[in-house]
Amino acid sequence: MARKRLMHAIHEAFVEEMERDERVVIFGEDVEISLFGDTAGLADRFGQMRVRNTPICENVMTGMAAGAAAAGYRPVCHLMFGNFIYTGFDAIANQVSKLRYMTAGQIKLPLVYFAVYGGGRSASAQHSDVMYPALMNLGGIKVAVPGTPADAKGLLKSAIRDDSPVVFLITGGRTGAAGEVPDGEHLVPLGEADIKHEGTDVTLVAMSGMVAPALVAAQELAKEGVSVELVDPRCVVPLDEDAILRSVCKTGRLVIVDEARDMCSAASHISAIAADKAFESLKAPIRRVTVPDVAIPYAPVLEKHILPNKDTIAEAVRAVVNYRKQ
Amino acid sequence: MARKRLMHAIHEAFVEEMERDERVVIFGEDVEISLFGDTAGLADRFGQMRVRNTPICENVMTGMAAGAAAAGYRPVCHLMFGNFIYTGFDAIANQVSKLRYMTAGQIKLPLVYFAVYGGGRSASAQHSDVMYPALMNLGGIKVAVPGTPADAKGLLKSAIRDDSPVVFLITGGRTGAAGEVPDGEHLVPLGEADIKHEGTDVTLVAMSGMVAPALVAAQELAKEGVSVELVDPRCVVPLDEDAILRSVCKTGRLVIVDEARDMCSAASHISAIAADKAFESLKAPIRRVTVPDVAIPYAPVLEKHILPNKDTIAEAVRAVVNYRKQ
Amino acid sequence: MTKPRTEGANLPADKLAELYRTMRLIRDFEESMIKFQKAGELPGPVHLCIGQEAVATGICDHLDDTDYIASTHRGHGHFIAKGGDPALMMAEVFGRVDGICQGKGGSMHAADFSKGILGANGIVAGGVGLATGAAYACQLAGKGQVSVVFFGDGAAAQGVISEALNVASLWKLPLLLVCENNGYSEFSPYNTVNAGEIADRGAAFKVPSIQVDGNDMVTMWRTARTAVERARAGEGPTLIEAQTYRHRGHVEYEDTFLTKPYRSEEEVEAWKAKDPLPRFRDYLVSGELVPSEDLDAIDADTASIIRNAADFARNSPWPEPGDALKHMF
Amino acid sequence: MTKPRTEGANLPADKLAELYRTMRLIRDFEESMIKFQKAGELPGPVHLCIGQEAVATGICDHLDDTDYIASTHRGHGHFIAKGGDPALMMAEVFGRVDGICQGKGGSMHAADFSKGILGANGIVAGGVGLATGAAYACQLAGKGQVSVVFFGDGAAAQGVISEALNVASLWKLPLLLVCENNGYSEFSPYNTVNAGEIADRGAAFKVPSIQVDGNDMVTMWRTARTAVERARAGEGPTLIEAQTYRHRGHVEYEDTFLTKPYRSEEEVEAWKAKDPLPRFRDYLVSGELVPSEDLDAIDADTASIIRNAADFARNSPWPEPGDALKHMF
Ligand SMILES: Cc1ncc(C[n+]2csc(CCOP(=O)(O)OP(=O)(O)O)c2C)c(N)n1
Ligand SMILES: Cc1ncc(C[n+]2csc(CCOP(=O)(O)OP(=O)(O)O)c2C)c(N)n1
Ligand SMILES: [Mg+2]
Ligand SMILES: [Mg+2]
């Protein structure tokens, strides 16, 4: 175990998987010099054929990942910022998410789209979106949203080894808090939730950049005598419904924190699952702590106003715990 | 009143709005000859400057709609099949959905993206998607999903007059059942649900292509003594939450039919709203009748298996009505 | 751009016969589709390539199973020319369980990865990224494989083409970009949707570009050979614009929805007179390169292959409904 | 492509002084940004155009408020040259309520629709569709308005550019596609991300294309004039590749994350020697076209404008938090 920043953990995963399997290649804009540090030095180590700068051309890049995967490689297509997933969305939505299915399983598509996403950095509307809801609705694409350096490393290694397309999303660029990362081989299976804090009164589901504030909220609430179970799904596709439902059946209450805009968010979907399958257990309304359906503004004061934080999370949890049938 | 097919109603709306306001222009691939009949004859009537064939270039087309709108016109960008929205997704997601917000309301974007979407025609995975969930999550874009010829006409006229970007989606191409369409000026406001069948036992929400089978299911269930209230939101953005919640509070039960894939569908979101705001009234789990998270297959027998129909809808309603707390 | 001269062929007779056979097989497949579509036996739309067979044939003859092609919505010819089994494709278009995609894809998605056929495509220019990525894989593997993308003149307007030209040129990818210019993008004539000439668009990216008569089997074949050799030798991509024509409509049922014609009878007739199949046959027979009896035998053979394919397709069962849930991951 | 010759200017002195003033104002704005960024006064990233001022100035001098421009992430120069108020943009970059976008957009989204400024853009080539659509609107209106899109050499690889070239050529849209080739796409040198020359890419679409020294104020201005006149006269689009250089980094804080240099000191110095601002000043003074006192007066004036802008920005309050929920529809 050693404390590492998220980007450092990601970098390790890349190095280890590229060492392990020479079919792993990385391409994208400026991956050689590396904006976030995640791919820094990889070109020197593995050569420019395997770590390759592309021009700015997301349309063809996203399709190229599929073609290279279909032809036997395990490409990581680095898309820099999550919003550029929209720029290259055609191949992701119309080809990658469907190719295996349309051909009745003839082909595996072991590829990873990698991007940094989310708000909180005054990077404005076109660099701060949360785009996994759109990806979740496509079917056929796995989506990993790690919230800690350890999960990031373990999930990225699994994503690279997975035979299905995976979109791998992390928040925050070079910043991001450090965390303990196990030494040596460390794999986290795609689709397995992790209980980040055990509790009995209320289930709090949070993922990715929301795990940290949710954890703080859980710890603060513990002092108030509210026992929060914090479930981190770690992937939104596949979604570990069982783990979420198990917890809800135990606690009878559910709050979901999601940095996505509210409409058709992961939070909406998780709520819908519980309202269907854990109805019996529910003692209170299901609350979503999400971003309102607006673009992400520039001024810090505006951005802060719309992003979930430990206080808005704690408030939602309190409301649910204090709920009494009228 | 006269019975008209959906495409005929759409055609009428185009003619009337183009007559009314010369800033209304339509461009897209083969809009002059018109694949679906919706724009047939418009070029002859309004001239090729206002009804203009484009090359196949969805990337620039979707952006052009925004530019033309910003510069004072009211463009309808005809994207033919809904899946091609993904092809032109960059400008929709990164520009159109945000431009007004990013500029603090400096600009109105009175534009319509028009497309035919959904399955049931053995058109396969790349011509059969339901893409409104992705659009709903963008914020900033209204989405109209009419289920009858009358609503199609009334909503399209409102969409063209609206100062915000609207994606206008219809199912089924030239086919599609006929329905009564009011003569003369007929406007349906964006964001106002319509009760297609009144009832007291259970609320059934259905939109677009799902309204017809839901209505049949409601009628059949009536014979069994189950009183279904069929709520058609008609738009998924803005979503008439009040109408849905009003009905759920009355009936205490909710089933949502949505041709979208399940994850992060409109059904998920509507369920989440009810699980939060109508929790008190709920007597049974909220059920979603959606498409499983797969691509749309070609063979009719396969496609039929995954699309909702009157029987799967009725079955879900019965399950909810017969639900007894264990 | 360069324009190859039509030269006398000095190809061996068996190669010429083979090329004829491929064209004939494609033609027979497509003609059977007309019939089946009319008879209501096909659940989904079909886009036929009658009149364009020489392009697929000329290109794919130079390819092995380890090379890749990405095709279009008008993909039957490419599938067959690349060695795909017509019976498996036929069953697919019928939507049956023995189809190459078990009825999940249909005409617009027929693929056979075991033969390097990355698939037809319902998205115009959708194959461009796939083939470019496969070309990158070919380059990485270093075994001289190549990758080909077919696209139409309508598709040429899609920006992804220029993206591919740029990256393939920079990376010297073993990629052929083959534009089948049949004069129409759906119902829009070439010059209403394309400014300038497609074969001129490669030069700016330093991609050698050739405009060729796509109805001239031998010239097509030679042009392809040069480009494939270049690619295999690591010298980079080539853009080929093959000028041709589709005899049938854009999609088989177009008469049911079009309210007016979009091309003249004379134009269609003029191009039918340049039909690559009889033209090649004439060339073979009149040049005494392949005896007409041999060609008759081929005709009989391909006809029976297609008859058998149709029987196979018709007799194949529908897929199990529940299989709709398989094959996502 | 064509390459204009640098000619002696026979522009009136007041026009020359005006051009100098615009460049100087942009330069002062950008230099203030360096300082504010270092001081931690700017919440978000800024991309500065120091060294590239002549391009924005030369193009926009021919435009009125009723003409349109769409800009890039490096958009301050375009905003100012098109007549946007530097104080309103400054407040915007500070994230304040008096900013042109009330603090909602920041540097990458500064727009002033009342001046035809469709906005900076955080998406590379994101302005292309906007400007093409505005050009369509200009054509429909029939009043001789024009639309301009600025984009970088990195952006030139985006497919949407070729889509715009094609449609603008076919429709004869009053559109200028202005590529500011500053030699780098972020940290990637030109020839690693662009095959061939950008100005060569117009010809294939029949779009007149010009490669011009973007650091030569007068030539830039003349080149723009020809293109704008062509557009106003209904003769269609022009592609202009202006060769220039950015003196600063790609983004102001790049030193904090780059681990190695991506360009040489010598290269930077060589280009600084070709800095368009002193070069133009020299030209004006040595050619006795504008007296240096007049230019000094301009310098003093622009400096004070920027000082006032900074005061205005700094003193402007933050937006109300709740305003984050406004302005979606
Ligand atoms: C992205 C996208 N846009 C539009 C369409 C609809 N469409 C299908 S085929 C076609 C015309 C294609 O023309 P071309 O590329 O010349 O091929 P051809 O049909 O002539 O073989 C169009 C517009 C589509 N399938 N995909
Ligand atoms: C679609 C998209 N892809 C990638 C980026 C990240 N990015 C921002 S600026 C830039 C380089 C742009 O280079 P160029 O067009 O030459 O403009 P310059 O910065 O030199 O002015 C890149 C890759 C982006 N903003 N948008
Ligand atoms: Mg064509
Ligand atoms: Mg540049």
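Here the structure is a predicted model, which is why all the values come from computation and not from measurement. The basis for the numbers below is simple: all heavy atoms, side chains too, and nothing from hydrogens, waters or symmetry mates. Chain identifiers are assigned alphabetically (A, B, ...) following the order of the sequence lines, protein sequences preceding nucleic acid strands; residue numbering begins at 1 within each chain.
When every heavy atom of D/Phe113 is checked against every heavy atom of B/Ala70, the shortest pair comes out as CE2-CB, 4.1 Å. Of all heavy-atom pairs spanning B/Glu58 and D/Glu163, the tightest one is N-OE1, 4.1 Å. Looking at every heavy atom in both residues, D/Cys101 comes nearest to B/Thr103 through SG-CA, 3.6 Å. In this structure, B/Arg52 and D/Gln139 approach most closely via the heavy-atom pair NH1-OE1, 2.9 Å. Here the closest heavy-atom approach between residue B/Ala71 and residue D/Ala137 is recorded as CB-CB, 3.5 Å.
Heavy-atom neighbours of B/Glu19 CD from other residues, nucleotides or ligands within 6.0 Å: above the threshold of 12. Around atom CD of D/Glu235, more than 12 heavy atoms belonging to other residues, nucleotides or ligands sit under 6.0 Å away.
Options D/Gly99, D/Ala131, D/Ala141, D/Gly133 differ in how many heavy-atom pairs under 4.5 Å they form with chain B, and the most are formed by D/Gly133. When each of D/Leu118, D/Leu140, D/Val167 is scored by its heavy-atom pairs under 4.5 Å with chain B, the top score falls to D/Leu140. Contacts with chain D were tallied for B/Gly63, B/Gly139, B/Pro238, B/Ala104; B/Ala104 has the most, counting heavy-atom pairs under 4.5 Å. In terms of non-hydrogen atom pairs under 4.5 Å with chain B, the most contact-rich of D/Asp323, D/Asp112, D/Thr66 is D/Asp112. Chain D forms more heavy-atom pairs under 4.5 Å with one residue of B/Ile141, B/Val96, B/Asp163 than with any other, namely B/Ile141. Contact count against chain B (heavy-atom pairs under 4.5 Å) is highest for D/Ala134 among D/Ala134, D/Ala125, D/Gly105.
In this structure, the portion of B/Val237 lying under 4.5 Å from any heavy atom of chain D is its side chain and not its backbone. There is no contact between B/Lys98 and chain D, counting heavy-atom distances below 4.5 Å. Proximity to chain B (any heavy atom under 4.5 Å) is shown, for D/Ala120, by neither the backbone nor the side chain. For D/Tyr68, the part lying near chain B is the side chain, with the backbone staying farther off; criterion is any non-hydrogen pair under 4.5 Å. Contacts between B/Ser97 and chain D at a heavy-atom distance below 4.5 Å involve the backbone alone (N, CA, C, O). With a threshold of 4.5 angstrom between heavy atoms, D/Phe329 approaches chain B through its backbone and through its side chain.
Under a 3.5 Å cut-off, the side chain of B/Tyr101 and the backbone N or O of D/Lys326 do not form any donor-acceptor pair. Without hydrogens or angle criteria, B/Gln106 side chain to D/Ile100 main chain gives a donor-acceptor distance under 3.5 Å.
At a threshold of 4.5 Å between non-hydrogen side-chain atoms, the residues D/Leu170 and B/Pro55 count as touching. Using a 4.5 Å cut-off on side-chain heavy atoms (C-beta onward), D/Asn121 and B/Gln95 make contact.
D/Gln158 and B/Asn59 are not linked by any side-chain donor-acceptor pair at a separation below 3.5 angstrom, with hydrogens and angles left out of the test.
A distance of 7.0 Å separates CZ in B/Arg100 from NE2 in D/His327, rounded to the nearest 0.5 Å.
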Apply side chain to side chain contact (heavy atoms under 4.5 Å, CB included) to the pair D/Tyr136 and B/Phe27, showing each step before the final yes or no.
CA-CA 11 Å; D/Tyr136 176 34; B/Phe27 64 92; 3.9 Å; yes

